[in-house]
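Single-structure report; data block below.
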Amino acid sequence: MKEIQITFEDSSKHTIPSGKSVKEILSSINSNNSRDVIACRIDGIPEDLSCIVQKDVSLQTIYRNSPEGLEILRHSTSHIMAQAVKELYPETKVAIGPAIENGFYYDFDREKPFTPEDLEKIEAKMEDIIKNGLTFNKKRVSKEDAIKFFKSKSESYKVELLEEIKQDEVTLYEQGSFTDLCRGPHISETSLVKAFKLLSIAGAYWRGDERNQMLQRIYGTAFFELSELQAYLKNLEEARKRDHRKLGKELELFSIYDEIGPGMVVYHPKGALLRITLEDFERKEHLKRGYHILIGPTLLKLDLWKQSGHYDNYREMMYFTEIEGQMYGIKPMNCISHMLVYKSKIRSYRDLPLRFFELGTVHRHEKSGVLHGLLRVRGFTQDDAHILCTPDQLQDEIISILDFVDYVMKIFEFEYMVELSTKPEKAIGTDEDWERATGALAQALKAKSFNFETNVGEGAFYGPKIDIKLKDVLGRFWQCATIQCDFTLPERFELEFIGQDGKPHRPVMLHRVILGSMERFIGILVEHFAGAFPTWLAPVQAKVLTITNAVDQYGDKVRSLLADEGLRCELDTRNEKISFKIREAQLQKIPYLLIAGNREASSETVAVRLRDGRDLGQISLEKVMKMINEDVKQKRLIPGGEGI
RNA sequence: GCCGGUGUAGCUCAGGGGUAGAGCAACUGAUUCGUAAUCAGUAGGUCGGGGGUUCAAUUCCCCCUGCCGGCUCCA
């Protein structure tokens with residue numbers, strides 16, 4: 001028999017007889033951990049373990065505890081789900097069913113919507129399929145045969161997919177009664193699925209296009225170990241507990257009233273304190289970095305929106321109103337008044353870069369179905385800036401914004417990732433402008449040696465952008481900061497500066513936000529900190545709790561001392577037990593609880609209890625104020641620091 | 001905007017064709033207490049809005065609206 005040579009990842013080479021499956025090869029060579037191998041790569045291409053090797057190849061193993069291994073498991077589980085659905089509801093057509101970040105889904109076309117009870121039935125059927133230990137069999141067939149096969153099964157979505165495939169040969173995977181068009185690879189048999197759960201049902205457009213048929217998507221997840229599934233479900237539970245809409249109510253931060261309108265936020269006293277604290281921080285940081293603060297109006301005449309291009313490209317997102325026969329638009333962006341301020345006088349190259357900053361409240365008519373607490377609203381305030389500079393200054397400006405973002409994100413201990421978005425279908429400006437602008441952004445990212453992904457066609461209509469997605473404590477990503485290049489607005493508003501040569505030149509412009517919107521950022525902060533804000537941000541930084549009414553006066557003295565220091569302090573003199581007051585204050589996530597009884601009143605101290613339950617004992621008022629001030633100054637995330 | 005679910009007291013939630021209930025909160029009284037819930041009492045709702053079926057609708061049906069989970073879109 002012919003012999004072939006297998007080269008492994010560690011460069012070791014083995015000579016074996018041709019015609020063996022990968023599984024056989026692995027168990028003949030390394031029996032120890034071959035059981036943990038779930039799939040492989042042959043010459044770099046993902047393959048099943050059942051793949052027969054007939055020539056010299058390089059062989060890489062994919063282990064079950066690798067991200068790729070998990071993805072394969074989930075993909076296979078989606079096939080098992082589709083099989084279960086087809087067996088229970090044969091009239092259903094299948095669409096696509098990939099693995100996704102935390103699990104998998106499969107899209108189905110079925111007249112009757114799936115119900116939660118259906119999910120239970122499907123899960124039970126899946127258990128059966130898993131128990132039966134069906135093997136995943138890969139078949140290579142010609143495209144024509146595959147089309148014939150799926151036509152005979154009335155699987156029109158599969159036929160549509162096939163018709164767009166360029167290759168003549170396709171692969172099908174078959175387990176039990178179910179056959180799917182699929183590239184693979186898959187696990188070898190269904191019994192390898194040890195832990196899975198179907199999570200939700202949702203509508204989803206065929207191929208993600210809203211002009212297409214709405215399908216029914218079932219989401220699920222799968223793991224190799226039950227303990228991992230349980231940990232994941234626990235994480236979901238934790239996320240629910242941290243939901244900013246729930247905490248926003250409990251901590252009395254904000255409301256969104258039906259009566260006022262969807263997506264319109266009202267800040268309650270505590271939320272308002274949090275917000276102005278963030279805003280004060282922002283103003284300070286911007287002034288430090290040479291920004292000029294502007295304040296502009298909400299309503300601007302329609303002509304300006306026509307001039308800017310917003311009317312042509314953004315109209316359906318805008319609100320309009322008529323005043324004395326004159327049409328106005330409510331601003332969806334802050335740039336226009338900044339343009340006019342730039343134009344208010346003749347600018348010299350010596351004035352550039354000019355950085356205009358505005359905490360600008362904008363309104364966008366977001367589709368009703370997308371609204372979500374503070375994270376997606378219709379009226380929001382951006383920490384917006386427009387930087388006008390010479391083309392030469394562009395890269396340095398982008399770099400200093402990236403540094404600014406980094407500085408701010410570190411304060412909250414957010415990690416983040418960076419994406420570059422290029423020209424979308426609906427866009428203004430020439431291709432050359434787009435190339436220059438995209439190049440400038442990419443070069444700045446390279447100069448800071450950022451790893452970034454490129455999102456083709458995802459830019460704003462007026463220019464390419466860098467999006468910064470921050471990662472919260474639960475590992476979720478949120479879009480906040482963005483840096484957008486704009487060569488067209490300076491053109492449309494005929495902005496000029498006088499150059500060294502005494503002639504007029506056109507500046508270039510950057511739009512950028514750091515936190516993004518105050519609303520979204522606050523929503524993220526609530527979830528990130530589970531409502532337990534760092535002392536510098538906490539709406540109430542300290543609460544004085546009196547033990548009996550005999551010390552109410554002393555309690556008020558403590559409160560006013562702290563207030564004089566500029567600290568946000570409340571006093572609880574209710575006729576309640578101290579444990580009751582502590583419980584309540586703790587649930588309100590107040591960083592410092594200052595307990596005042598007779599002992600403290602007579603010694604000018606308070607008994608300090610931190611939010612996390614640490615009891616620091618009796619401490620002098622002076623020392624307590626110093627502690628809290630130190631938290632604020634250092635923007636410590638944990639009250640009192642971690643070292644106490 | 002689309003698909004599905006859902007809307008009962010300030011909050012969290014039961015209930016169900018014969019006009020509603022709990023806990024917490026609120027209010028009143030008692031208690032003045034040392035580190036996560038003191039006791040008792042009182043009050044509180046056109047059951048999201050409109051229409052229909054019915055002797056009778058909060059309950060069943062339809063429409064609208066808000067909210068929730070997704071899709072599409074996005075700071």
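Chain letters run A, B, ... following the sequence lines, proteins first, then strands; residues in each count from 1.
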Nearest-angstrom distance, P atom, B:G29 to B:G16: 40 Å

Partner set under side chain to side chain donor-acceptor pair (under 3.5 Å) for A:K589, not counting sequence neighbours: none

Pairwise N/O distances under 3.5 Å, protein to nucleotides 9-14 of chain B:
unit_1, atom_1, unit_2, atom_2, d
B:U12, OP1, A:K249, NZ, 3.4

Touch class at under 4.0 angstrom, heavy-atom based, for A:I578 against every strand present: sugar-phosphate

Electrostatic pair A:K86:A:E155 at N-O distance under 4.0 angstrom: yes

Gap in Å between the two P atoms, one belonging to B:U59 and one to B:C2, rounded: 25 Å

I'd like a list of close polar pairs between nucleotides 5-7 of chain B and the protein, N/O only, cut-off under 3.5 Å.
none

Residues A:R376 and A:E519 bridged, charged N to O under 4.0 Å: no

Contact pattern, 5' to 3', of nucleotides 38-44 of chain B - B, S or - by protein heavy atom under 4.0 Å: B------

A:R611 side chain vs A:F533 backbone, donor-acceptor pair below 3.5 Å: yes

Spacing between A:E117 atom CD and B:G4 atom C1', to the nearest angstrom: 13 Å

Under 4.0 angstrom between A:R211 side-chain N/O and B:C2 OP1 or OP2: no

C1' gap between B:U58 and B:G49, integer Å: 13 Å

Salt-bridge present (A:D467, A:K469; N to O < 4.0 Å): no

Sugar-phosphate only, base, or nothing, as touched by A:A585 at under 4.0 Å among non-hydrogen atoms: nothing

Atom C1', compared across B:C24 and B:U38: separation rounded to whole Å: 15 Å

side-chain contact (heavy atoms from CB on, under 4.5 Å) against A:L294, all qualifying residues, sequence neighbours excluded: A:H338, A:V341, A:F356

Along RNA chain B (nearest heavy atom to each residue), the more 5'-positioned of A:H365 and A:D615: A:H365

Side chain to side chain donor-acceptor pair (under 3.5 Å) partner of A:E237, the single match among A:K234, A:R240, A:K241: A:R240

Residues that A:Y267 engages under ring-ring contact (aromatic ring centres under 6.0 Å, His included), provided they are two or more places apart: none

Non-neighbouring partners of A:E285 that pass salt bridge (charged side-chain N to carboxylate O under 4.0 Å, His left out), sequence neighbours left out: A:K288, A:R289

Residues that A:K471 engages under salt bridge (charged side-chain N to carboxylate O under 4.0 Å, His left out), provided they are two or more places apart: none

Sugar-phosphate, base or nothing in reach of A:R245, heavy atoms under 4.0 Å: sugar-phosphate

A:E600 (side chain) and B:G34 (base): donor-acceptor pair under 3.5 Å: yes

Structure string for RNA chain B in dot-bracket form, Watson-Crick and G-U at under 3.5 Å, | interchain: (((((((..((((....[..)))).(((((.......))))).....(((((..]....))))))))))))....

Distance, P atom - from B:A20 to B:U46, rounded to whole angstrom: 12 Å

N/O donor-acceptor pair under 3.5 Å between A:D383 side chain and A:G516 backbone: yes

A:K246: side-chain contact (heavy atoms from CB on, under 4.5 Å) partners, not counting sequence neighbours: A:D243, A:E250

Carboxylate-amine/guanidinium contact A:D209 A:R207, below 4.0 Å: no

Sequence-aligned protein contact record of nucleotides 70-75 of chain B, with B where the base is within under 4.0 Å of a protein heavy atom and S where only the sugar-phosphate is: BBBBBB

Pairing of A:K112 and A:E91 as salt bridge, 4.0 angstrom limit: no

Same-atom distance (P) from B:G1 to B:A57, integer angstrom: 32 Å

RNA chain B contacts among residues 268-282 of chain A, heavy-atom distance under 4.0 Å: none

P gap between B:G23 and B:U19, integer Å: 23 Å

Distance test, side-chain N/O of A:S368 to OP1/OP2 of B:G1, below 4.0 Å: yes

B:A14 versus B:A9 - spacing of their P atoms, nearest Å: 12 Å

Distance in angstrom units between A:D118 CG and B:G4 P, rounded: 14 Å

Nearest to side-chain heavy atoms of A:R583, which nucleotide of B:A37, B:G66, B:G34: B:A37

A:Q382/A:N334 under side-chain hydrogen bond (donor to acceptor under 3.5 Å, both in side chains): CA gap, chis, key distance, verdict: CA-CA 8 Å; A:Q382 296 179 297; A:N334 299 299; 3.3 Å; yes

